[in-house]
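My questions will all concern the structure given below.
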Amino acid sequence: MGARAAAQSIDQGAELLRVDDISLSFGGVKALTDVSFDVLRGEVRAIIGPNGAGKSSMLNVINGFYHPQQGEVWFAGSQRRNPKPHNIAHQGIARTFQNIALFNGMSTLDNIMTGRFTHMKQNMLMQAFWRGPAEREEVQNREKVEEIIDFLEIQAIRKTPVGRLPYGLQKRVELGRALAAEPILLLLDEPMAGMNVEEKEDMSRFILDVKDEFGTTITLIEHDMGVVMDISDRVVVLDYGRKIGDGTPDEVRNDQAVIDAYLGVAHD
Amino acid sequence: MSPQFLYTIEVMLNGLMAGVMYSLVALGFVLIFKASGIFNYAQGVMALFAAMTLVGIQNGQVPFAHLVNAVFGTNIHGFGWNLPALFAIILTLGVMILFAILVERLILKHLVNQEPIILFMATIGLAFFMEGFGDLMWGSDIKVLDVGIPSGGSLWLEDKTIGWAAEGSNYYGMYIDKLDIVATLVALLLVITLTLFSQYTKTGRALRAVADDHQAALSVGISLRRIWVIVWAISGFVALVAGIMWGAKSGVQFSLSLIALKALPVLILGGFTSIPGAIIGGLIIGVGEKLFEFTIGPLIGGATENWFAYVLALLFLVFRPQGLFGEKIIERV
Ligand SMILES: Nc1ncnc2c1ncn2[C@@H]1O[C@H](COP(=O)(O)OP(=O)(O)O)[C@@H](O)[C@H]1O
Ligand SMILES: [Mg+2]
């Protein structure tokens with residue numbers, strides 16, 4: 001059974017991902033130290049913490065961009081060893097980036113279509129010499145893409161080159177590209193950073209709808225505590241690369257160590 | 001119409017045809033540069049190597065025959081066959097694909113995330129290696145490439161145009177080499193195919209994705225290494241086409257690899273990342289140098305084709321460094 005199928009067979013509320021004792025450093029900089037937590041199928045799991053706490057690094061470990069010096073990552077019941085990012089996408093993990101990473105030469109439609117990459121099976125020779133199956137597949141993928149465009153309410157910018165879109169919409173297209181993969185686990189790195197209140201509300205609504213309608217498990221990084229408390233089921237708190245809190249939003253909010261990290265010693 | 005005017009048109013058309021060749025080579029550069037940020041110095045040598053391989057395969061030459069004979073005291077030269085052109089071209093294409101795989105395995109894979117200048121140096125090394133390897137494999141003599149492309153002036157065109165000049169003038173019709181016409185058509189077909197491929201296929205989209213953003217491409221499941229093999233193979237194919245056309249025109253010899261140098265001004269005009277830029281840049285330089293030679297050349301002693309392209313590129317660097325299609329670069333402060 002492939003990793004994607006294995007992940008798909010996991011029950012709601014059972015462990016989908018676990019990171020164990022992860023340590024990661026860049027030269028002398030310790031980005032993560034002995035961090036462990038789990039993500040359950042179907043939940044919204046937030047990672048919070050001050051700037052430089054190691055949140056993005058954690059996401060990069062999960063998605064295979066960074067390989068930790070120590071620790072294990074378990075996905076869908078098996079341990080991953082030296083995974084390659086493009087293989088991880090095929091296992092059903094999709095993501096967005098803190099600094100938007102869209103394909104700027106392409107339209108909204110093509111960006112989201114490229115997100116379907118893992119669902120495109122026809123190889124190059126087939127495409128060139130035997131259009132039939134390739135075309136059928138293209139049509140199916142197109143339908144899925146249109147569903148996502150409707151879902152995110154971005155019909156009006158379907159054909160617009162994404163480089164011309166305002167920031168908030170770019171973030172939305174990036175979410176669309178990740179959704180197009182029909183991920184089991186969706187990683188969002190600060191999906192609401194730099195947005196105004198209204199845009200944040202829209203994005204929060206989309207994230208909750210993704211969870212409810214598609215049953216997607218979501219791990220997200222967010223700065224805005226209010227938003228985090230509203231949309232997440234459980235929260236991991238990182239500070240200086242260490243985990244200093246883990247629990248429901250209410251538990252975390254009243255945790256002294258967390259309060260200190262946010263209020264006491266501000267090190268932005 | 002005056003003969004002078006008709007001559008000018010003829011010169012322009014011939015320039016367009018020459019420009020097609022520059023465009024082809026520049027296209028090979030752009031494909032690799034877009035996908036991997038590598039300026040592939042070996043593009044010209046790839047065209048030479050592809051043409052040599054094609055001739056060798058077609059004429060049944062035994063690869064490394066000199067070496068084998070010298071080491072084992074044998075006296076083998078050929079397999080004694082003569083393959084149909086199309087079959088030989090397909091086999092050569094296979095060799096270029098193998099070449100792409102080897103480049104990725106032996107070079108690119110080990111230089112991931114290196115500075116562009118390091119990668120550039122690697123391609124310089126690759127160019128010299130291939131040059132020597134090609135000679136060793138197929139011999140360094142000048143070869144005749146004949147894949148059955150018609151050549152010589154188009155009589156049909158001469159007949160059609162001979163009457164265009166004013167009555168009584170000494171005009172014999174327009175001279176355009178059939179080979180050039182074929183080259184243009186083939187290049188056109190190639191560009192259309194590449195465009196359709198990159199717009200409408202999974203792999204084409206993946207190529208564009210990688211050109212835009214490596215991290216994002218990885219995150220949707222695209223393997224960069226696989227894409228690099230594919231672009232090098234496609235560039236190898238483009239080099240093969242350029243090698244065939246150029247080789248059929250002037251024989252397969254070392255000078256073929258020097259057309260790559262002409263591609264440099266083309267890239268400065270068209271931009272390093274623009275496929276239309278490569279094509280239009282190539283045509284402008286082709287027409288420009290022929291027209292310049294025809295009009296200004298006689299006044300300043302001729303042989304302007306050797307330097308015209310470079311001077312034009314230099315002017316561009318001074319007055320429009322972003323090229324024809326690039327957006328104006330404004331330094332952030
Ligand atoms: N690729 C990298 N190279 C060097 N240092 C890095 C790299 N990625 C992250 N870091 C360092 O790791 C630490 C944590 O960064 P990051 O994970 O981006 O934090 P956060 O997302 O919580 O703001 C910082 O000190 C940062 O400079
Ligand atoms: Mg971050």
Side-chain angles (χ1 to χ4, degrees), chain A residues 4 59-60 63-65 83-107 109-128 131 134-135 137-138 141 161-163 174 177-181 183 186-187 189, chain B residues 30-31 33-35 90 93-94 97 100-101 109 112-113 189-190 192-234 237 271-277 325-327:
Chain A
R4 191 187 160 96
L59 233 51
N60 286 331
N63 135 276
F65 279 136
K84 304 219 173 61
H86 69 267
N87 289 335
I88 286 184
H90 288 270
Q91 294 176 0
I93 300 182
R95 69 168 293 170
T96 64
F97 295 83
Q98 181 170 354
N99 307 308
I100 302 173
L102 284 170
F103 305 123
N104 279 324
M106 301 185 193
S107 64
L109 197 71
D110 275 357
N111 264 279
I112 300 179
M113 192 69 175
T114 308
R116 294 287 300 160
F117 188 82
T118 54
H119 295 270
M120 299 178 184
K121 300 285 177 302
Q122 300 298 326
N123 70 29
M124 232 192 337
L125 279 179
M126 296 278 254
Q127 290 165 14
R131 292 293 303 172
E135 251 160 40
E137 189 182 271
E138 181 96 358
N141 284 321
V162 291
E174 208 193 10
R177 185 182 65 198
L179 288 178
L186 175 60
L187 310 173
D189 196 344
Chain B
V30 167
L31 286 171
F33 190 80
K34 265 175 87 93
I90 291 173
L93 189 57
I97 292 174
I101 294 172
K109 183 182 142 184
V112 180
N113 293 332
L189 195 67
L190 185 69
I192 292 173
T193 313
L194 281 180
T195 310
L196 291 178
F197 172 74
S198 82
Q199 293 295 328
Y200 296 111
T201 66
K202 168 195 178 187
T203 312
R205 253 194 301 266
L207 283 177
R208 285 190 291 147
V210 170
D212 274 349
D213 194 310
H214 286 185
Q215 301 260 300
L218 284 168
S219 83
V220 297
I222 298 167
S223 156
L224 293 186
R225 292 182 49 189
R226 181 113 159 248
I227 292 299
W228 288 336
V229 170
I230 292 171
V231 283
W232 277 76
I234 295 176
F237 177 56
F272 282 75
T273 54
S274 165
I275 288 176
F325 304 104
E327 304 200 345

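Because the structure is a prediction, the values reported are computed rather than measured. Just so we're on the same page: letters track the sequence lines, and every chain starts at 1.
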Side-chain donor/acceptor of A/His90 to backbone N/O of B/Gly221, under 3.5 Å: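 Checked: pair present.
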Heavy-atom pairs under 4.5 Å with chain B, option from A/Met113, A/Arg116, A/Arg95, A/Glu174 with the top count: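 Going by pairs under 4.5 Å, I would pick A/Met113.
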Heavy-atom closest pair, residues B/Ser219 and A/Ala89: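 In terms of heavy atoms, the two residues are closest at O-CB, 3.5 Å.
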Backbone of A/Ala101 reached by a side-chain donor or acceptor of B/Asp213 within 3.5 Å: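 No: the side chain of B/Asp213 does not pair with the backbone of A/Ala101.
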Inter-residue atom distance B/Lys202.NZ - A/Glu138.CD, 0.5 Å rounding: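 If I round to the nearest 0.5 Å, the distance is 11.5 Å.
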Derivation and outcome, side chain to side chain contact (heavy atoms under 4.5 Å, CB included), residues B/Leu224 and A/His86: CA-CA 8 Å; B/Leu224 293 186; A/His86 69 267; over 6 Å; no
CG-CZ distance between A/Asn111 and B/Arg205, expressed to the nearest 0.5 angstrom: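 Here the rounded value is 11.0 Å.
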CZ-CG distance between A/Phe117 and B/Leu218, expressed to the nearest 0.5 angstrom: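 The CZ atom of A/Phe117 sits 10.5 Å away from the CG atom of B/Leu218.
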Non-hydrogen atoms of B/Val220 and A/Thr118 that approach each other most closely: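 For B/Val220 and A/Thr118, the tightest heavy-atom pair comes out as O-CG2, 3.6 Å.
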Nearest heavy atoms of A/Thr114 and B/Ile222, plus distance in Å: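 Shortest heavy-atom contact: CG2-CD1, 4.2 Å.
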Top contributor to chain B interface from A/Lys84, A/Met106, A/Gln91 [non-hydrogen pairs under 4.5 Å]: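 Highest number of heavy-atom pairs under 4.5 Å: A/Met106.
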Proximal component of A/Leu187, with respect to chain B [non-hydrogen, under 4.5 Å]: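 No part of it gets close to chain B.
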